Peer 1: 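Below: one structure in structure tokens.
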Amino acid sequence: MILLTGGNGQLGTELRKLLDEKGWDYISTDADVLDITDAEKTMEYITDLKPELIYHCAAYTAVDKAEDEGKELDEKINVEGTRSVAKAAKAAGSKLVYISTDYVFDGTRKDGMYQVDDTTNPQSEYGRTKLLGEQAVQEVMEDYYIIRTSWVFGIYGHNFVYTMQRLAETHKQLTVVNDQYGRPTWTRTLAEFMTFVIENGAPFGVYHLSNENSCSWFEFAKEILKDTDVEVLPVTSEEYPQKAKRPQYSVMDLSKAKELGFAIPTWQEALEHFLKLEK
Ligand SMILES: NC(=O)c1ccc[n+]([C@@H]2O[C@H](COP(=O)([O-])OP(=O)(O)OC[C@H]3O[C@@H](n4cnc5c(N)ncnc54)[C@H](OP(=O)(O)O)[C@@H]3O)[C@@H](O)[C@H]2O)c1
């Protein structure tokens, strides 16, 4: 039996679809059934269920809100909640898959991609709490996969692709940041990796998983809107201020995942598949 936290989120929903395809037995929960901020109930629920594996997809993901009005909740969910899930996983003898983010890095690396063991230095509250979540998992247990991902898009959530498409309906011109670089990630690719590590008994530890190739948000937007007549114009981060500071360069090295034999599509291929899908 597998347990999902945050099973109705963007990634959780994609993962459920894949688990259904594979015929894996799972229970999917969200805050109404398993509120991970309730430490006692989380321990009780998980130790009663004794899942072999927990896919911990629940998170506070409002990156800008986390800087002020969401700060407390961000801490409660991403740090304390993750610690509770990890402690319960340890007590129940479950493996844990925790999803983290490229925002644990400061984005100033200029001499190549971020390696899994590179120094972390989050610049935002969200990045800080996701990193503390990683550390909580590592302190509490051994049988974990921490998978850092970035720029996630999928058919089951709010994301950059949908934002661009929505804006394109009412704008002839869009300005998009051209000085932040990263790797877009299709939820399907990420969900496949989350099952791949289990199926293949991959060594526990920290992995990076995004789609291949990197780009700026501007380049990503151009590709999303390439079949429209909307003009996409580049701007700098200074011209488009946001509450939370984003890493300027957060391209993560994927070789640890690839060395397992996992084939990673490019973000352009992933986007093309995604755009053909219907909910
Ligand atoms: N989206 C990205 O670009 C991105 C990038 C890097 C890493 N990640 C990581 O990827 C993972 C999945 O993200 P996502 O895009 O699927 O986010 P999401 O759509 O916001 O899903 C998060 C889920 O967690 C649930 N949740 C929130 N508080 C909870 C609580 N107290 N107890 C139980 N469940 C709770 C949410 O439920 P409600 O909706 O009911 O609150 C939601 O279903 C997260 O760990 C995130 O940090 C995401």
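Each ligand, and each atom within it, is numbered from 1 in the order the structure gives. Since the model is a prediction, treat every value here as computed from it, not as a measurement.
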Peer 1: Would you indicate whether the side-chain heavy atoms of Leu271 and Asn211 approach each other to under 4.5 Å?
Peer 2: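 Side-chain contact under 4.5 Å: no.
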Peer 1: Which residue owns the protein heavy atom closest to atom 32 (N) of ligand 1, what's the atom, and how far is it?
Peer 2: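 Answer, as residue, atom name and distance: Ile36 N, 3.1 Å.
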Peer 1: Of all the heavy atoms in Tyr126, does at least one lie under 4.0 Å from an atom in ligand 1?
Peer 2: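 Yes, Tyr126 has heavy atoms under 4.0 Å from ligand 1.
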Peer 1: Hey, does Gly12 come in under 3.5 Å of ligand 1, counting only N/O atoms on both sides?
Peer 2: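 No - when backbone and side-chain N and O of Gly12 are compared with those of ligand 1, no distance drops under 3.5 Å.
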Peer 1: Give the contacting part of Val152 toward ligand 1: side chain, backbone, both or neither, where contact means a heavy-atom distance below 4.0 Å.
Peer 2: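 Both backbone and side chain of Val152 come within 4.0 Å of ligand 1.
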Peer 1: With a 4.0 Å cut-off on heavy atoms, is Thr5 touching ligand 1?
Peer 2: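 Per 4.0 Å heavy-atom rule, Thr5 does not contact ligand 1.
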Peer 1: Is the number of heavy atoms from other residues, nucleotides or ligands within 6.0 Å of CD (Glu40) greater than 12?
Peer 2: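 Atom CD in Glu40 is not crowded, with 12 or fewer foreign heavy atoms closer than 6.0 Å.
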Peer 1: Using modelled atom types only, decide if a donor and an acceptor are shared between the side chain of Gln115 and the backbone of Met113 within a distance under 3.5 Å.
Peer 2: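 Pair found, side chain donor or acceptor close to backbone of Met113.
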Peer 1: Contact between ligand 1 and Cys57 is defined here as a heavy atom of the residue under 4.0 Å from a ligand atom; is it met?
Peer 2: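 Per 4.0 Å heavy-atom rule, Cys57 contacts ligand 1.
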Peer 1: For atom 14 (P) of ligand 1, which candidate among Arg148, His158, Glu80, Gln10 provides the closest heavy atom?
Peer 2: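 The nearest heavy atom belongs to Gln10.
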Peer 1: Taking only non-hydrogen atoms of Ala62, do any sit less than 4.0 angstrom from ligand 1?
Peer 2: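 Ala62 does not count as a contact of ligand 1 under the 4.0 Å cut-off.
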Peer 1: For the pair Phe220 and Trp217, name the ring-plane relationship: parallel under 30°, tilted 30 to 60°, perpendicular over 60°.
Peer 2: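 Tilted, since the angle between the ring planes falls between 30° and 60°.
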Peer 1: If you group Ile, Leu, Val, Met, Phe, Trp and Tyr whenever their side-chain heavy atoms sit less than 4.5 Å apart, what else falls in with Tyr144?
Peer 2: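 Its cluster mates, by chain and number, are Met1, Leu3, Ile27, Val33, Leu34, Ile36, Tyr45, Ile46, Leu49, Ile54, Tyr60, Leu73, Ile77, Val85, Leu96, Tyr98, Val116, Val137, Val140, Met141, Ile146, Val206.
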Peer 1: Any nitrogen or oxygen of Ser100, main chain or side chain, under 3.5 Å from a nitrogen or oxygen of ligand 1?
Peer 2: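 Checking ligand 1 against Ser100, no N or O pair falls under 3.5 Å apart.
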Peer 1: Check whether the side chains of Asn8 and Tyr156 place a donor and an acceptor atom closer than 3.5 Å, and report yes or no.
Peer 2: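 Note: Asn8 and Tyr156 side chains miss the donor-acceptor criterion.
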Peer 1: Considering only heavy atoms of Lys130, which atoms of ligand 1 have at least one such atom less than 4.0 Å away?
Peer 2: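 What qualifies from ligand 1 is 44 (C), 45 (O), 46 (C), 47 (O).
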Peer 1: Under 4.5 Å between any side-chain heavy atoms of Phe262 and Thr189, yes or no?
Peer 2: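 In short, these two side chains touch, coming nearer than 4.5 Å.
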Peer 1: Please classify the Leu34 to ligand 1 contact at 4.0 Å (heavy-atom distances, strictly less than): side chain, backbone, both or neither.
Peer 2: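 The answer is the backbone.
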Peer 1: Under 4.0 Å from a heavy atom of Ile77: which atoms of ligand 1 are those, numbered in the order shown and with their elements?
Peer 2: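 Counting atoms of ligand 1 from 1, those under 4.0 Å from Ile77 are 28 (N), 31 (N).
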Peer 1: Can you tell me the protein heavy atom closest to atom 11 (C) of ligand 1 and the distance?
Peer 2: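 Scanning the protein heavy atoms, the shortest distance from atom 11 (C) of ligand 1 goes to Ile99 CG2, 3.7 Å.
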Peer 1: Is it the case that more than 12 heavy atoms not belonging to Lys222 sit under 6.0 Å from its NZ atom?
Peer 2: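 No, NZ of Lys222 has 12 or fewer neighbouring heavy atoms, counting only those of other groups under 6.0 Å.
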Peer 1: Give yes or no for whether the N/O distance cutoff of 3.5 Å, strictly under, is met between Thr101 and ligand 1.
Peer 2: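 No, since none of the N or O atoms of Thr101 sits under 3.5 Å from an N or O of ligand 1.
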Peer 1: State plainly whether the residues Arg83 and Glu80 are in salt-bridge range, i.e. N to O under 4.0 Å.
Peer 2: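 Salt bridge between Arg83 and Glu80, a charged N being under 4.0 Å from a carboxylate O: no.
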Peer 1: Give the atoms of ligand 1, by number and element, whose distance to some non-hydrogen atom of Asn8 is under 4.0 Å.
Peer 2: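 Close to Asn8: 43 (O).
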Peer 1: Quick one: does Thr37's side chain have a donor or acceptor within less than 3.5 Å of a partner on Lys76's backbone?
Peer 2: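 Not at all, since once roles are kept as given, no pair shorter than 3.5 Å links the two residues.
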Peer 1: Does the N or O separation between Thr149 and ligand 1 drop below 3.5 Å for any pair?
Peer 2: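 No, Thr149 has no N/O under 3.5 Å of an N/O on ligand 1.
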Peer 1: Which of the numbered atoms in ligand 1 are below 4.0 angstrom from a heavy atom of Thr37?
Peer 2: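 Contacts of ligand 1 toward Thr37, numbered from 1: 31 (N).
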Peer 1: Tell me which one of Ala58, Gly157, Gly9 gets a heavy atom nearest to atom 42 (C) of ligand 1.
Peer 2: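 It is Gly9 whose heavy atom sits nearest to atom 42 (C) of ligand 1.
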Peer 1: Hydrophobic clusters here meaning ILVMFWY residues chained together by side-chain heavy-atom distances under 4.5 Å, can you tell me if Phe204 and Val97 are in one?
Peer 2: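 Same cluster.
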Peer 1: Identify the protein heavy atom lying closest to atom 31 (N) of ligand 1, giving its residue, its atom name and the separation to 0.1 Å.
Peer 2: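 Scanning the protein heavy atoms, the shortest distance from atom 31 (N) of ligand 1 goes to Asp35 OD1, 2.9 Å.
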